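Take a look at the structure below.
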Amino acid sequence: MKVTLKDGSFKEYDQPMSAIDIARDISEGLARVACVAEVDGNVVDLRTVIDQDCTLNILTFDSEAGKKAYRHTCAHVMAQAVQTLYPDAKLTIGPAIDNGYYYDFDMPSLTREDLDAIEKEMKKIIKKGDKLEYYTLSKAEAIKLMTDRDEPYKVEMIQEHGEDETLSFYQQGDFIEFCAGPHLMSTKQIKAFKLTSSSGAYWRGDENNKMLTRIYGTAFTKKADLEEYLEYLADIKNRDHNKLGREMDLFTTVDVIGQGLPLFMPKGTKMIQKLQRWIEDLEDNEWGYVRTRTPLMAKSDLYKISDHWGHYKEGMFLLGEDDEDENGVSASGKEIFALRPMTCPFQYYVYKARQKSYRDLPYRMGETSTIFRNEDSGEMHGLTRVRQFTISEGHLICTPEQIADEFKDCVRLARHCLQTLGVEEDVTYRMSKWDPEKPDKYLGDAEEWDHVQNAMREILDDIGMEYTEEAGEAAFYGPKLDIQAKNVYGKEDTMITIQLDMFLAERFDMYYIDQNGDKKRPYIIHRTSMGCYERTLAWLIEKYAGKFPTWLCPEQVRILPISEKFTDYAEHVLAELKKNGVDATIDRRSEKIGYKIREARLDKLPYMLIVGAQEEAEGKVSVRSRFAGDEGQKPLEEFVDAICKEIRTKEIRKEEVQEEKKD
C-alpha cells in the first residue's frame with residue numbers, strides 16, 4: 001500500500017494503517033497536534049483505516065477542517081458538562097461554526113454564573129482526558145440506545161434516516177453522542193476554550209417548535225490566541241449596532257409596537273434624513289432620475305398582475321381577511337388590500353400614465369419607498385432585519401440597446417455611494433441566479449433565464465467585476481447583482497441590489513413607440529442606490545463604532561462656554577454655525593469645563609468649541625476634535641469655512657489620536 005504525502009514523498013505499508021498511526025510514523029510531534037486527515041481530498045477521522053493506495057494530508061488546527069473538528073469536540077465536552085450539572089437537559093445539535101461552536105439544549109435559560117460553572121466542569125473533563133471512542137449502530141439499535149437514555153430529540157433525528165443506514169456514535173466516558181464526526185482522539189487535546197454567551201433558539205429554527213437554550217463557545221490551541229479572540233469579541237460587542245445604537249439614542253424598540261418596527265429617536269432620525277436628502281439630490285440632480293410618490297398599499301389585483309400574489313404572498317401583510325376562493329373571488333364581497341412589499345408595480349403605472357417613445361427612454365424613476373415584509377419573529381434583529389423599512393428604490397425603463405450601459409451606471413452609482421460612506425472595501429459582489437431544480441418558484445423557462453443570466457454575466461465581466469454566482473437567490477422575475485457586507489458577527493446581508501427584469505413589462509402591458517412607430521416592450525432594471533436606510537445605518541454604526549463622518553453626525557459641534565459669563569458669545573458662535581447649516585448645540589450646564597469635554601468625547605462628537613474671555617475678545621474658538629485632539633485657537637470664520645467644506649465634500653477625516661489626555 002502506497003501512501004503519497006502532501007510534499008510528494010510517500011510511505012509504503014504491507015498492512016492497513018489508521019490515519020493516526022501513519023501520522024505517528026511520520027512524526028510523533030505531528031501526531032500530537034493532528035486533528036483530522038484528508039484522504040484523496042476527503043476529510044476523515046484520524047481513526048479511519050487506510051487499506052489502499054491514496055494521497056494523505058494530516059491536518060492540524062491551522063486548517064479549517066482541523067479547527068472544525070477541534071471545536072466540535074469541545075462542543076461535546078460542553079454537552080457532557082451540561083448533563084453532569086443538569087441531568088434533565090436534553091441533547092439536540094451542537095455544530096462547529098465560524099470562530100467557535102454552539103450546542104442547543106432543552107433546559108432552562110442560563111446566566112453568566114451558570115456558564116462559568118459549566119466551564120469549570122469542562123476543565124475537569126479535559127483534565128481527565130477520556131478518549132473519544134467511535135462506533136456504529138443500526139437504525140433500530142440507535143433508536144433503542146437514545147430512547148433508553150431519554151434523548152427524544154436524538155430519536156427524532158435518527159428516525160429521519162433510512163432503515164438500512166449505519167449510524168455513527170462517539171463516546172467519551174459515560175457521555176454518548178449521535179454524531180457523524182470527525183473528532184479529536186482525546187478530550188485532553190483541548191487547550192484553551194471559553195463559553196461566550198447563551199440565548200434562546202427554536203428547535204430546527206421553527207418558531208412553532210419549542211424554545212431551546214443555545215450555548216455559544218470557542219476554542220483554540222493556545223491561551224494567547226483565545227485571549228486575543230476574546231478581546232476581539234469585546235470590541236465587536238461594543239460595535240454591535242443593536243447595543244450601541246440604543247446607547248447613543250439613535251433608535252429603540254417597544255414590545256407593544258412589535259418586533260421589527262424600530263422607533264427612531266431624534267438623533268437617528270437626523271441621520272436618516274441626511275442620508276435620504278443626499279441620495280435624492282444625487283439621483284435627481286446628477287443621475288437623471290424623476291421622483292415619484294406612490295401608495296403604501298394596493299388591492300390584491302395589482303399583486304396578481306405582477307404575480308407577487310402567487311410568489312410572495314406569504315411575505316406580505318394583508319389588510320382584512322383573505323377569503324378568496326380558487327377563482328380569486330372574495331366570499332365576503334370585500335376588496336382585499338395588502339401593504340406593499342416592493343414599489344415596482346406602482347411605478348409601472350407612473351410610466352404607463354402617458355405614452356412614451358424611444359426618445360423618452362431611458363426613463364429613470366426614483367422613490368424613497370417605505371415597504372413592508374412579513375418576516376418571521378425569529379429573524380428580527382435590530383435594524384438589519386425589520387418588518388417596515390425604507391429604501392432608495394428605483395426602476396429604469398430602457399430600450400434593449402440601453403440596458404447594458406444603464407446597468408453599468410447603476411453599478412457606478414452604487415459604488416459611488418459606497419465610496420462616499422467609506423465602506424466600499426467592505427463589500428463583495430454576488431450574481432444571484434435562479435434555481436433550475438425549483439422552476440415553480442420563478443416566472444419563465446430555462447431558456448429565458450439562461451438568456452438574461454448570460455446577458456448579466458457579460459455586463460459584469462465587461463466591467464471587470466470580481467463576483468461569485470449563487471443559484472436560488474434570484475428574484476422570481478429575474479437575476480440580480482447583490483452587493484453583500486458582513487456585520488460585526490460575520491453574518492452576511494444584502495446591502496444593495498440591481499436586478500434585470502425580463503417578464504413584468506409583458507405582464508403590465510408596458511411599451512414604447514420605436515423609430516418606426518411600432519410598439520415595443522421595454523427592458524426594466526430594478527435597483528437601489530444605497531439600499532435600505534435602516535440596514536445602512538446599522539452598518540455605519542458598526543463600521544465607525546458610532547464615530548461617524550462629520551457630515552452624517554446628528555450633532556457635529558458642541559460649544560462649551562467656560563462659564564455662564566460667556567454664554568452670549570457661545571450663542572453668537574451657535575448662530576454662525578446654524579446659519580451655515582452646521583448641526584451644533586451649546587452645553588449650558590454649570591459644570592467644570594473638563595467634565596464637559598469628557599462628556600462630549602463620550603458622545604463621540606467630531607468637534608468641541610471651547611469659548612472663554614480670550615476667544616470672545618479675539619472672535620476665535622478653541623477647537624478640540626475627535627481627529628487631532630487639541631487643534632488650538634482658530635478664528636470663528638476659519639473654523640466655519642473648514643467644517644462647511646468637510647460637510648459639503650463628505651470628507652471622511654482620519655483619526656490621528658487614539659486617546660486624549662485627561663483634562
Side-chain angles (χ1 to χ4, degrees), residues 276 279-312 315-317 337-373 388-400 402-403 406-407 409-410 413-414 417 443 452 474-481 496-513 519-533:
Q276 180 178 328
I279 290 295
E280 290 179 351
D281 288 345
L282 182 67
E283 291 178 346
D284 300 354
N285 299 334
E286 299 182 33
W287 291 83
Y289 283 75
V290 295
R291 195 139 298 276
T292 68
R293 182 178 173 87
T294 57
L296 299 180
M297 68 181 76
K299 297 191 296 183
S300 61
D301 305 54
L302 177 70
Y303 306 119
K304 290 173 183 175
I305 296 172
S306 65
D307 216 12
H308 285 103
W309 202 251
H311 286 86
Y312 203 80
M316 298 166 66
F317 286 104
F337 283 77
L339 297 175
R340 65 181 184 187
M342 56 279 296
T343 311
C344 45
F346 299 85
Q347 285 196 328
Y348 294 161
Y349 283 99
V350 173
Y351 174 85
K352 283 166 59 72
R354 293 192 182 277
Q355 182 171 281
K356 305 289 192 300
S357 81
Y358 69 95
R359 294 186 182 90
D360 298 311
L361 304 187
Y363 191 71
R364 309 180 187 98
M365 294 176 284
E367 182 166 337
T368 303
S369 303
T370 297
I371 56 182
F372 306 85
R373 304 279 174 86
Q388 173 184 310
F389 54 95
T390 302
I391 61 176
S392 55
E393 193 163 18
H395 297 89
L396 290 77
I397 317 301
C398 317
T399 67
Q402 295 166 338
I403 195 74
E406 289 300 311
F407 194 96
D409 277 348
C410 290
L413 173 56
C417 293
L443 300 176
V452 74
F476 69 85
Y477 48 79
K480 54 183 178 168
L481 173 67
I496 297 173
T497 293
I498 306 170
Q499 305 174 5
L500 285 180
D501 175 0
M502 54 187 170
F503 298 111
L504 296 185
E506 177 78 28
R507 296 183 72 91
F508 281 89
D509 191 28
M510 298 167 67
Y511 66 89
Y512 66 93
I513 306 300
K519 288 184 177 182
K520 292 293 179 65
R521 296 291 182 207
Y523 282 54
I524 302 173
I525 299 173
H526 304 238
R527 49 100 272 178
T528 55
S529 51
M530 187 193 65
C532 166
Y533 287 94

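Owing to the predicted nature of the structure, the values given are computational and were not obtained by experimental measurement.
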(message) Looking at Arg364 and Asp409, is there a salt bridge between them, counting it only when a charged N and a carboxylate O are closer than 4.0 Å?
(response) no

(message) So does Ile403 get a backbone contact from the side chain of Glu406, meaning a donor-acceptor N/O pair under 3.5 Å?
(response) no

(message) In the structure I gave you, are the side-chain heavy atoms of Leu296 and Ser369 within less than 4.5 Å of one another anywhere?
(response) no

(request) Report yes if some heavy atom in the side chain of Glu280 is under 4.5 Å from a heavy atom in the side chain of Thr368; otherwise report no. (result) yes

(request) Could you tell me whether the side chain of Leu500 reaches within less than 4.5 Å of the side chain of Tyr477, counting heavy atoms only? (result) no

(message) Ignoring hydrogens, what is the shortest heavy-atom contact between Ile496 and Ser529? Give both atom names and the distance.
(response) CD1-O, 3.5 Å

(request) Locate the shortest heavy-atom distance separating Ala338 from Met316; write the atom from each residue and the value. (result) CB-CE, 3.7 Å

(message) Would you compute the distance between atom CD of Gln276 and atom CD1 of Ile391 and round it to the nearest 0.5 angstrom?
(response) 12.0 Å

(request) Mind listing the closest non-hydrogen atom pair of Pro341 and Ile371 along with its distance? (result) O-CD1, 3.5 Å

(request) Give the intermediate values and the outcome of side chain to side chain contact (heavy atoms under 4.5 Å, CB included) for residues Val452 and Phe503. (result) CA-CA 11 Å; Val452 74; Phe503 298 111; over 6 Å; no

(message) Show the nearest heavy-atom pair for residues Thr399 and Leu361, with the distance to one decimal.
(response) CG2-CD1, 3.8 Å

(request) Kindly state each residue pair satisfying side chain to side chain donor-acceptor pair (under 3.5 Å) with at least one member in residues 345-359, sequence neighbours excluded. (result) Thr292-Gln347, Gln347-His395, Tyr348-Asp501, Tyr348-His526, Gln355-Tyr511

(message) Any heavy-atom pair between the side chains of Met365 and Thr343 that's under 4.5 Å?
(response) no

(message) So, using salt bridge (charged side-chain N to carboxylate O under 4.0 Å, His left out) as the criterion, who are the partners of Asp301 when residues are at least two apart?
(response) none

(request) Using modelled atom types only, decide if a donor and an acceptor are shared between the side chain of Gln499 and the backbone of Ile525 within a distance under 3.5 Å. (result) no

(message) Given 3.5 Å as the limit, does a donor-acceptor pair link the side chain of Ser300 with the main chain of Phe337, or not?
(response) no

(message) Could you check whether any side-chain N or O of Ser306 sits under 3.5 Å from a backbone N or O of His308, counting only pairs where one atom can act as donor and the other as acceptor?
(response) yes

(message) Quick check for you: to the nearest 0.5 Å, what is the distance between Tyr289 atom OH and Asp284 atom CG?
(response) 10.0 Å

(request) For the pair Arg373 (side chain) and Gly315 (backbone), establish whether a donor and an acceptor sit closer than 3.5 Å, ignoring hydrogens and angles. (result) no

(message) Testing the basics here: between Ile498 and Phe407, what is the closest heavy-atom pair and its distance to 0.1 Å?
(response) CG2-CE1, 3.4 Å

(message) Measuring from atom CD1 of Ile524 to atom CG of Leu396, what distance do you get when rounded to the nearest 0.5 angstrom?
(response) 10.0 Å

(request) Please examine the side chains of Tyr512 and Asp360, heavy atoms only from C-beta on, and report whether any two atoms are closer than 4.5 Å. (result) no

(message) Could you tell me if Glu393 and Thr528 have a donor-acceptor pair between their side chains, going purely by distance under 3.5 Å?
(response) no

(message) Thr294 vs Arg340, test: side chain to side chain donor-acceptor pair (under 3.5 Å). Steps then yes/no.
(response) CA-CA 10 Å; Thr294 57; Arg340 65 181 184 187; 2.7 Å; yes

(request) Find the distance between CD1 (Ile397) and CD (Gln402) and round it off to the nearest 0.5 Å. (result) 11.0 Å

(request) Indicate yes or no: does Arg521 engage Glu506 in a salt bridge with an N to O separation below 4.0 Å. (result) yes

(message) Nearest 0.5 angstrom please: Met297 CE to Phe346 CZ, how far?
(response) 9.0 Å

(message) With no hydrogens and no angle check, just 3.5 Å: does a side-chain donor-acceptor pair link Glu283 and Ser392?
(response) no

(message) Contact between Asp307 and Leu504 at the side-chain level, heavy atoms closer than 4.5 Å - yes or no?
(response) no

(request) Supply the atom-to-atom distance Asp281 CG to Glu286 CD, rounded to the nearest 0.5 angstrom. (result) 9.0 Å

